[in-house]
Number of protein chains: 2
Amino acid sequence: MKIIDKAVPTIYEVSRLAGVSLATVSRVINDSERVREKTRQKVLAAMEELGYRPNSMAQALASHRSNSVGVLVSELHGPFFGAMLSTIEKTLRAAGKFAIFTAGHSEEANEKEGMQFLMSRNCDAMILHVEATTDEYLLECKDSMIPFVLVNRLVPGLGDRCIALNNERGSYLATKMILQLGHRQVAYVSGPLNWADARERLAGHKRALAEFGLHLEPSLFREGDYREDSGSRALAELLDQEVQFSAAVCANDEMAAGAMAVAHDRGLAVPEDLSIVGFDNAPLSRYLYPKLSTVDYPIEDMSRMAARWLLRNVYGDETLEIVHQFEPKLLPRESSRPVKD
Amino acid sequence: MKIIDKAVPTIYEVSRLAGVSLATVSRVINDSERVREKTRQKVLAAMEELGYRPNSMAQALASHRSNSVGVLVSELHGPFFGAMLSTIEKTLRAAGKFAIFTAGHSEEANEKEGMQFLMSRNCDAMILHVEATTDEYLLECKDSMIPFVLVNRLVPGLGDRCIALNNERGSYLATKMILQLGHRQVAYVSGPLNWADARERLAGHKRALAEFGLHLEPSLFREGDYREDSGSRALAELLDQEVQFSAAVCANDEMAAGAMAVAHDRGLAVPEDLSIVGFDNAPLSRYLYPKLSTVDYPIEDMSRMAARWLLRNVYGDETLEIVHQFEPKLLPRESSRPVKD
DNA sequence: CTGTTAGCGCTTTCAA
DNA sequence: TTGAAAGCGCTAACAG
């Protein structure tokens with residue numbers, strides 16, 4: 001079953017109409033080599049008249065480059081990835097490249113398969129946001145695969161290919177703010193500690209505590225999975241204990257939202273009775289009531305940078321500057337306030 | 001600059017190693033035609049040994065089909081489109097096809113360019129979520145372009161290619177609920193009326209009013225643009241008038257969120273003083289306080305159906321049943337309640 | 001059931 | 001500055 005065919009004009013039609021050779025037409029298509037201006041005009045006119053459009057498959061086959069880059073993210077939906085895809089597509093397309101997206105669902109097997117899939121689509125390169133794949137595997141891939149850049153991850157030995165956020169500093173800032181507001185019993189709801197960013201965020205929390213002469217109280221610590229429900233569960237458990245606390249620092253906004261819902265349910269006023277801070281500055285953080293204090297994750301800037309990395313390192317645009325580490329910003333809003341005396 | 005090359009084995013290597021012809025290898029790749037089981041095994045073994053992967057560009061070029069479908073949506077981010085992309089990608093990939101996404105930003109020129117872009121990528125077909133493109137243009141495209149299916153739109157003359165929601169019924173249900181709760185002064189915040197779905201939703205609102213012997217009061221009507229701010233502006237204007245009303249029906253959740261924020265600011269309690277209803281069941285509707293009563297938009301089901309339409313009509317999977325119109329469901333939550341007597 | 005043989009539409013040396 | 005010709009890796013008749 002032929003599908004593409006529509007009696008589309010080919011380079012051959014153009015060359016005939018323009019009275020030049022295939023090679024010449026090809027040259028003006030890739031507006032590369034020297035072609036006499038007059039010839040170029042003739043060809044352009046012919047292309048116009050025929051409504052000619054180069055066949056990208058044929059170009060790819062002959063030139064060994066597809067102008068496509070594969071993007072593997074955990075999910076295709078959600079505010080975080082939405083912003084990522086959107087930015088990457090825009091940046092790439094402005095440069096005449098295009099993106100193929102696929103999801104790895106934070107599972108090792110899926111992530112590997114996703115990479116294979118992108119390879120099989122003959123992508124020139126990849127942008128990877130992977131969580132389950134190990135550092136070791138990524139290191140191997142460096143030589144066995146097409147070029148790739150990692151977003152939101154710092155792999156030793158792959159430094160130049162990483163675009164990461166200073167997660168540690170982000171939660172350091174969050175916790176420090178809470179401490180500066182006078183809170184001393186501070187609960188922490190962590191992300192899954194088998195993921196590096198969750199560990200980094202926890203580290204920042206600890207550093208801030210240490211600066212105030214405190215340390216992480218196991219009874220005030222819970223590990224969640226970055227999803228809303230786990231935040232609810234964590235806060236409920238924390239509340240069910242005897243231990244007092246006046247603030248809860250959550251490793252992301254979803255969990256903070258879950259925690260806030262539980263606080264409401266239990267009749268605890270936020271922030272009067274309990275201050276809550278999130279991380280990521282997801283859109284939902286502005287819809288929560290009260291508006292969530294959080295830490296901004298510059299995912300758009302980082303995604304754009306990942307795309308630029310490729311434009312520079314794969315497509316040879318040397319004019320692009322690359323930044324590897326991005327800094328988070330504290331965003332105090334309404335869910336945090338000084339501790340009641 | 002060659003990019004793809006990695007000394008990748010070709011079908012030729014495989015045929016040599018297996019001791020068969022190119023054609024035979026091709027047959028087992030497309031596990032189509034009759035190949036003796038023993039031969040197949042030999043070929044498979046050779047492919048395995050070489051780590052062979054078919055070159056999709058070459059396949060596309062030779063077979064006139066790329067196994068790729070283009071997806072043009074208004075935006076790549078946001079909950080609505082996120083769910084769409086996610087579902088489409090999953091469905092397509094499970095069928096061995098893949099998707100190329102691009103955004104039209106609800107502007108006619110961008111939408112047209114997006115379609116051209118997808119055509120130039122040699123997609124076999126397209127899934128279109130377009131708002132600015134006219135019915136007439138779409139009608140023309142029917143013959144001049146690759147096959148496409150429309151999501152969230154019903155174009156006369158393109159019935160079989162449309163996957164749409166019964167918007168009219170959705171807002172009919174929303175308004176009817178409000179009226180059944182005893183409200184009689186009901187404000188309506190519409191979407192942009194140059195978009196069909198906004199008109200349909202308004203029609204449903206009017207029908208419900210009519211059933212209760214009411215009609216649309218111009219002073220209680222405002223046209224927004226489906227964005228949060230316009231909902232805020234609309235409610236503020238409404239409130240600044242002399243006219244009383246005890247409920248506001250909004251044509252989508254974003255605008256409802258904006259309206260709710262204004263109500264809070266003005267010291268109006270929701271739903272005690274003012275009931276508010278949205279439309280779409282966007283994720284944010286659950287985060288609002290109080291939780292927003294709304295109408296569910298089954299975007300995932302609809303996206304999946306769009307993908308199936310292609311699988312059936314373009315790739316020939318006759319086993320798939322196609323549904324063209326989907327029905328919305330009312331989702332009463334906490335932002336609506338009986339009118340105060 | 002398997003092999004031969006043309007291409008698919010374009011790029012890219014190499015000559016002219 | 002332009003043209004001729006040899007592929008890129010694979011599919012698809014058509015034979016056998």
Side-chain angles (χ1 to χ4, degrees), chain A residues 1-44 46-47 50-68 119-122 124, chain B residues 1-44 46-47 50-68 119-122 124:
Chain A
M1 176 172 30
K2 296 196 179 190
I3 293 183
I4 293 173
D5 266 357
K6 275 277 176 188
V8 184
T10 74
I11 196 176
Y12 180 73
E13 272 71 87
V14 178
S15 82
R16 267 192 49 114
L17 207 172
V20 300
S21 73
L22 296 184
T24 301
V25 179
S26 176
R27 288 186 184 106
V28 357
I29 290 175
N30 302 291
D31 59 21
S32 50
E33 326 220 4
R34 48 263 117 161
V35 177
R36 197 195 305 156
E37 187 52 28
K38 200 166 173 186
T39 316
R40 168 191 307 287
Q41 292 308 333
K42 262 196 312 194
V43 174
L44 254 19
M47 296 191 349
L50 263 37
Y52 170 79
R53 295 200 142 275
N55 179 320
S56 56
M57 300 298 164
Q59 288 183 306
L61 187 59
S63 67
H64 297 271
R65 58 140 75 193
S66 63
N67 285 320
S68 73
M119 298 274 297
S120 80
R121 298 315 322 185
N122 295 97
D124 295 335
Chain B
M1 176 174 28
K2 297 197 180 189
I3 293 182
I4 293 174
D5 265 359
K6 275 274 176 189
V8 184
T10 74
I11 197 175
Y12 180 73
E13 273 72 87
V14 177
S15 83
R16 268 191 48 115
L17 207 171
V20 299
S21 72
L22 296 185
T24 301
V25 178
S26 175
R27 287 184 185 107
V28 355
I29 290 174
N30 302 291
D31 60 21
S32 50
E33 325 220 5
R34 49 262 117 159
V35 178
R36 196 197 302 158
E37 187 51 28
K38 200 165 173 186
T39 316
R40 168 189 308 285
Q41 292 307 334
K42 262 195 312 193
V43 175
L44 254 18
M47 294 189 355
L50 263 36
Y52 170 79
R53 293 202 144 272
N55 179 319
S56 55
M57 300 299 165
Q59 288 182 306
L61 187 58
S63 67
H64 296 270
R65 58 140 72 193
S66 62
N67 284 319
S68 73
M119 298 274 297
S120 81
R121 298 316 319 188
N122 295 97
D124 295 334

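Naming: A, B, ... by sequence-line order, numbering from 1 per chain. FYI, side chains are in, hydrogens and waters are out, and symmetry mates aren't considered; it's all heavy atoms of this structure.
Put simply, CE on B:M57 is 18 Å from C1' on D:dG7, counting in whole angstrom units. Between B:E13 atom CD and D:dC10 atom C1' the separation is 13 Å, expressed in whole Å. Taking atom CZ on A:R27 and atom P on C:dT11, their separation rounds to 11 Å, with Å as the unit. As rounded to whole Å, 14 Å separates atom C1' of C:dG9 from atom NE2 of A:H64. Between B:I29 atom CD1 and D:dA12 atom C1' there is a gap of 13 Å when expressed in whole angstrom units. Look at OH on B:Y12: it is 14 Å from C1' on C:dT4, rounded to the nearest Å. Rounded to whole angstrom, the span from the CZ atom of B:R65 across to the P atom of D:dC10 amounts to 17 Å. Rounded to whole angstrom, the span from the CD1 atom of B:I11 across to the P atom of C:dT4 amounts to 14 Å.
Inter-residue side-chain proximity for A:Q59 and A:N67 is flagged as unmet; no heavy-atom pair is nearer than 4.5 Å. Taking the side chain as every heavy atom from C-beta outward, A:D31 and A:R40 approach each other to under 4.5 Å. Side-chain atoms of A:S68 and A:R121, non-hydrogen and from C-beta on, never get closer than 4.5 Å to each other.
The base of D:dG9 is not paired with the side chain of B:R53 by any donor and acceptor separated by under 3.5 Å.
For B:T39, there are no side chain to side chain donor-acceptor pair (under 3.5 Å) partners two or more places apart in sequence or in a different chain. In this structure, the side chain to side chain donor-acceptor pair (under 3.5 Å) partners of A:R53, at least two apart in sequence or on a different chain, are B:Q116. Contacts of B:S21 classified as side chain to side chain donor-acceptor pair (under 3.5 Å), with partners at least two apart in sequence or in another chain: B:T24.
The side chain of B:T10 approaches D:dC10 more closely than any other nucleotide in the set D:dT11, D:dC8, D:dC10. The side chain of A:L61 approaches D:dC8 more closely than any other nucleotide in the set C:dT11, D:dC10, D:dC8.
For the segment residues 17-25 of chain A, the set of residues with a heavy atom within less than 4.0 Å of an atom of DNA chain D comprises A:V20, A:S21, A:A23, A:T24, in numerical order.
Heavy atoms of A:S26 sit under 4.0 angstrom from at least one base atom.
Checking the phosphate oxygens (OP1, OP2) of C:dC10, a side-chain nitrogen or oxygen of A:Y52 falls inside 4.0 Å. The phosphate of D:dT2 has OP1 or OP2 within less than 4.0 Å of a side-chain N or O from A:T39. The side chain of B:N55 contributes no N or O atom lying less than 4.0 Å from OP1 or OP2 of D:dC8.
A donor-acceptor distance shorter than 3.5 angstrom exists from the side chain of B:N122 to the backbone of A:S56, with no hydrogens or angles considered.
With rounding to the nearest 0.5 angstrom, the CG atom of A:L61 is 11.5 Å from the OG atom of A:S66.
Helix bend of the helix from C:dC1-D:dG16 to C:dA16-D:dT1: the angle between its two end axes, each built from five pairs, comes to 30° after rounding to 10°.
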Under 3.5 Å, side-chain donor or acceptor atoms of residues 8-20 of chain A against the rest of the protein: list the pairs with distances, not counting sequence neighbours.
residue, atom, partner, partner atom, Å
A:T10, OG1, A:Y12, N, 3.0
A:T10, OG1, A:E13, OE1, 3.3
A:E13, OE1, A:T10, N, 2.9
A:S15, OG, A:Y12, O, 2.9

